[in-house]
Each structure stands twice: as structure tokens, then as C-alpha cells.
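This is a predicted model, so every value here is computed, not measured. We name chains A, B, ... by the order of the sequence lines, and we start the count at 1 in each one.
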Number of protein chains: 2
Amino acid sequence: MAVLQVFFRCNKRGDGVAAKSSQADKYDCLRLENQLCFPLYACAKEIVRQYKSQLAGLDLTYTQYIAMMVLWEHKSVTVSELGNKLYLDSGTLTPLLKKLEQKGFVTRCRCQEDERSVCVKITEAGEELKEKALEVPGKMCSCVGLSDEEKMCLERILKKIMGRF
Amino acid sequence: MAVLQVFFRCNKRGDGVAAKSSQADKYDCLRLENQLCFPLYACAKEIVRQYKSQLAGLDLTYTQYIAMMVLWEHKSVTVSELGNKLYLDSGTLTPLLKKLEQKGFVTRCRCQEDERSVCVKITEAGEELKEKALEVPGKMCSCVGLSDEEKMCLERILKKIMGRF
DNA sequence: TAAAATTAAATTGTGTACAATCTTTATGTA
DNA sequence: TACATAAAGATTGTACACAATTTAATTTTA
């Protein structure tokens with residue numbers, strides 16, 4: 001029973017005992033409002049939506065933006081290195097990088113040392129985009145509106161979860 | 001400057017002052033590791049991936065599962081009611097509900113009172129699925145591995161963010 | 001060294017997500 | 001009542017996201 005309770009929100013009475021009068025309590029763990037993962041999923045989607053408006057002026061989607069972040073820092077990475085940093089595979093990255101190449105922000109070519117790998121390099125236009133991007137984190141932060149303490153707490157918990165996978 | 005700092009992780013020295021020796025500090029706010037939204041995005045995806053293996057036996061995707069949760073509780077809802085609860089629009093829900101109908105878990109038909117609306121109703125097979133789903137929340141919880149305190153904290157912060165949108 | 005195994009991308013197919021548009025039905029108002 | 005407006009879904013188009021497969025290059029090993 002304890003293992004089923006873990007995803008419940010706090011029992012209102014705090015005693016962990018289901019009320020005898022309600023026959024539906026067995027299914028409480030399946031109520032949307034008792035899920036913890038659902039607000040996580042909904043929140044992540046909402047934040048990507050907020051990024052969309054912030055990033056419109058840069059001609060980037062959110063996924064393209066985080067890929068550019070890696071390139072702003074590292075200048076040149078292989079597709080698999082990028083995938084390891086972003087938790088994305090080639091099925092997502094290949095078409096995404098082709099779009100960034102079309103926009104002129106990156107170049108793609110097979111590595112000389114290992115022809116299996118593709119090197120993605122940032123272009124001059126990609127570097128220039130970095131200046132325009134400088135205002136994005138601040139705008140997103142005020143949009144999300146957490147205190148420093150809440151941000152630290154959220155980061156700690158999210159990284160704990162990620163550490164298990 | 002303060003507004004740009006908000007999405008940084010804690011300054012290692014704790015004084016909020018950028019080191020003079022590093023010329024790249026201006027761009028620290030654009031480093032992937034200093035983002036709070038990225039672990040949120042990555043974590044949400046990872047959890048959906050974990051659900052996928054838990055839900056394989058139910059023949060449900062994660063999005064189909066949360067739609068079924070609403071139906072397990074309410075038996076019958078319109079598409080727009082479902083969309084309000086799940087933060088999804090008809091462009092996502094229409095094809096999803098057609099799939100759930102094909103699997104025999106729901107029926108879809110125009111409401112008599114208002115022909116603009118579509119009523120989605122759970123079927124007998126959909127109700128039976130509820131029994132199989134009972135074990136999912138517990139498995140997901142142990143998979144995520146947070147303490148009760150961490151879960152409450154995470155839920156509080158996520159709902160604070162959602163409350164702004 | 002030749003064959004087997006591994007690795008890296010690309011490709012294919014399915015399923016979300018969501019903005020924008022379209023169609024149908026219902027509602028409000030002159 | 002006619003007409004404008006609004007509301008509800010469906011449709012269209014773009015962009016992920018990822019499992020599974022394929023292709024090519026590299027490494028391992030018998």
C-alpha cells in the first residue's frame with residue numbers, strides 16, 4: 001500500500017488512512033490531480049511555449065536554441081556529443097541541424113579523423129546570434145517568477161531525478 | 001545585471017560578481033549548465049520515457065494515459081473540457097481520441113444539447129483498463145525516487161509556475 | 001589480415017504538440 | 001427574424017521526439 005501512496009499528494013488528514021466511506025479511494029492514485037509527473041510535463045510544455053515567443057526574433061525554436069547554446073560554448077561538436085549533452089538522438093538532431101545549416105548558423109561535415117562522425121561548427125552568423133540571445137535568459141526568468149531559493153530547490157530535485165537515468 | 005543573473009546557478013564565490021580574469025563571463029547566462037529550464041525539459045521527457053515502458057502493457061502512450069485518467073474519473077467529458085484539464089488543444093486531442101476509439105477504450109459522438117461539442121465517453125474496455133493501470137503510479141514513483149518532502153516541494157514549485165500562465 | 005562486432009548518422013514510421021485556418025453550430029443583437 | 005459574432009472541433013502544416021532499421025566506417029578479435 002505504501003508504494004501506491006507515494007504518488008499521492010498529501011493525505012488531507014495526514015494519517016495515510018483511506019476514508020472507509022468512499023469506495024473510490026482505491027483509485028485515488030489514478031486521479032490526475034494526484035499525479036506529480038503531470039504538472040512536471042505540463043510545466044515543461046508551458047515553458048517551451050514561453051520560449052517560443054522570446055525566441056521568435058532569433059528565428060530559433062527551443063530545441064534549436066539549446067543546440068545553439070552548446071555551439072556558442074564549444075564552437076564545434078559532433079552530433080553524438082551534442083546528443084549526449086541535450087539527451088537527443090540523431091533522429092531528432094539530424095533534421096534539426098539541417099535546418100540550422102539552412103539558416104546559416106552552423107556548418108556540417110564529416111570529421112577527417114573519423115568519417116563516421118559529423119562535425120557541427122558554428123558560423124559567423126551563429127556567433128552574431130549569441131549577442132541577440134543575451135536578453136533571453138533574463139526575460140524567461142522573470143516570466144517564470146521563482147525566488148532564488150525556489151530555483152535552487154527545483155534544480156536540486158530535477159538533477160536528483162535525472163541522476164537516476 | 002540582476003535580471004540576467006536570475007537564471008544562473010549560484011555563483012561559486014557567492015558574491016554575485018563576475019571574475020575579471022574571464023572575458024566570457026558576459027555569456028555565462030547562455031551556458032546550458034546554467035539553465036533551469038533545460039533540466040525541467042529534459043526531466044519531463046525522461047519521465048515520459050519511463051512511463052512508456054510502464055504503459056506498454058496497457059497499449060497506451062503517456063498522453064493517452066492522462067486522457068484516460070480524466071475519463072476514469074469523469075466517465076464522460078467534451079473535447080474542450082478534456083483540453084482544459086490536460087492543457088491540450090483539439091489539434092492534439094482529435095487524433096489522440098480517434099486512436100483511443102479505435103482501441104475500443106472510448107466512444108466519440110456529438111452532444112445532443114450542443115452539436116458543436118463532442119462527448120467522449122469511456123467504454124467497458126476502458127473501465128477494465130483502470131484495474132490494470134492501478135500498479136502504474138507506484139512503479140513510476142519508485143522509479144523517480146524522491147522523498148515525500150521533495151515531492152511536496154516539487155509540486156508546490158511547479159504549481160506556482162503554472163499559476164502564472 | 002579477414003570476419004565479426006561496434007559505432008555514428010541517417011532514415012523510416014508513429015505519435016505528440018501547437019499555430020493557423022476552416023466548417024459547423026449556437027448565440028447575441030439590431 | 002436576418003446577420004454578425006462567437007464557440008467547438010477538425011484539418012493543415014511545421015517541428016520535435018524517439019524506437020527501430022539501415023548504411024558506412026572503424027575497431028576488435030579469431
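Comparing A/R108 and B/Q112 against DNA chain C, the residue whose closest nucleotide sits nearer the 5' end is A/R108. Along DNA chain D, the nucleotide nearest A/D114 and the nucleotide nearest B/L93 are compared for position; the residue whose nucleotide lies closer to the 5' end is B/L93.
Between the CD atom of B/E113 and the C1' atom of D/dA7 there is a distance of 15 Å, given to the nearest Å. The distance between atom CD1 of A/I47 and atom C1' of C/dA17, rounded to the nearest whole Å, is 16 Å. When rounded to the nearest whole Å, the span between CG of A/L60 and P of D/dA15 equals 12 Å. The nearest whole Å value for the distance from the OH atom in B/Y65 to the C1' atom in C/dG15 is 19 Å. Going from atom OH of B/Y51 over to atom P of C/dT16 covers 15 Å, rounded to whole Å. The CG-P distance, from A/L97 to C/dT11, rounds to 13 Å in whole Å. Between A/Q50 atom CD and C/dA17 atom P there is a gap of 17 Å when expressed in whole angstrom units. Regarding A/L82, its CG atom lies at a distance of 12 Å from the P atom of C/dA10, rounded to whole Å.
Cation-pi contact between A/K130 and B/Y27: present, with separation from the ring centre below 6.0 Å and deviation from the ring axis of at most 45°. No cation-pi contact links B/K52 to B/Y62, judged by a cut-off of 6.0 Å to the six-membered ring centre and 45° from its axis.
For a distance-only test at 3.5 Å, the side chain of B/R116 fails to qualify as a donor-acceptor partner of the base of C/dT24.
Distances were taken from every side-chain heavy atom of B/E115 (C-beta onward) to each of C/dT11, C/dT25, C/dA10; the shortest belongs to C/dT25.
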| field | CA sep, side-chain torsions, deciding dist, call: A/K139, A/E135, salt bridge (Lys or Arg N to Asp or Glu O under 4.0 Å) | value | CA-CA 6 Å; A/K139 285 187 178 170; A/E135 64 180 9; 3.5 Å; yes
| said: I'd like to know whether B/T107 forms a side-chain contact (heavy atoms from CB on, under 4.5 Å) with B/I122, so could you lay out the CA-CA distance, the side-chain angles of the two residues, the decisive distance to 0.1 Å, and finally the verdict. | reply: CA-CA 6 Å; B/T107 59; B/I122 194 163; over 6 Å; no
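Under the 4.0 Å criterion applied to side-chain N and carboxylate O atoms, B/E115 and B/R110 are not assigned as salt-bridge partners. At a threshold of 4.0 Å, the pair B/E101-B/K98 does not count as salt-bridged, since none of the basic side-chain nitrogens sits closer than that to a carboxylate oxygen. Look at A/K159 and A/E155 and you find a salt bridge, because one of the NZ, NE, NH1 or NH2 atoms lies within 4.0 Å of a carboxylate O, short of that distance.
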Give each protein N/O atom lying under 3.5 Å from an N/O atom of nucleotides 16-20 of chain D, with the pair distance.
{"residue": "D/dC16", "atom": "OP1", "partner": "A/T61", "partner atom": "OG1", "Å": "2.8"}
{"residue": "D/dC16", "atom": "OP2", "partner": "A/Q64", "partner atom": "NE2", "Å": "3.0"}
{"residue": "D/dC16", "atom": "O3'", "partner": "A/T63", "partner atom": "OG1", "Å": "3.3"}
{"residue": "D/dA17", "atom": "OP2", "partner": "A/T63", "partner atom": "OG1", "Å": "2.9"}
{"residue": "D/dA17", "atom": "OP2", "partner": "B/Y41", "partner atom": "OH", "Å": "2.5"}
{"residue": "D/dA19", "atom": "OP1", "partner": "B/R49", "partner atom": "NH1", "Å": "3.4"}

Do any N or O atoms of the protein come closer than 3.5 Å to N or O atoms of nucleotides 1-3 of chain C, and which pairs are they?
none

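Residue A/S117 places none of its side-chain N or O atoms closer than 4.0 Å to OP1 or OP2 of C/dT7. In terms of phosphate contacts, B/T78 brings no side-chain nitrogen or oxygen within less than 4.0 Å of OP1 or OP2 of D/dA8.
Side-chain contact annotation: B/Q54 with B/Q50, donor-acceptor N/O pair under 3.5 Å absent. Using modelled atom types, one finds a donor on one side chain and an acceptor on the other under 3.5 Å when comparing A/T78 with A/S80.
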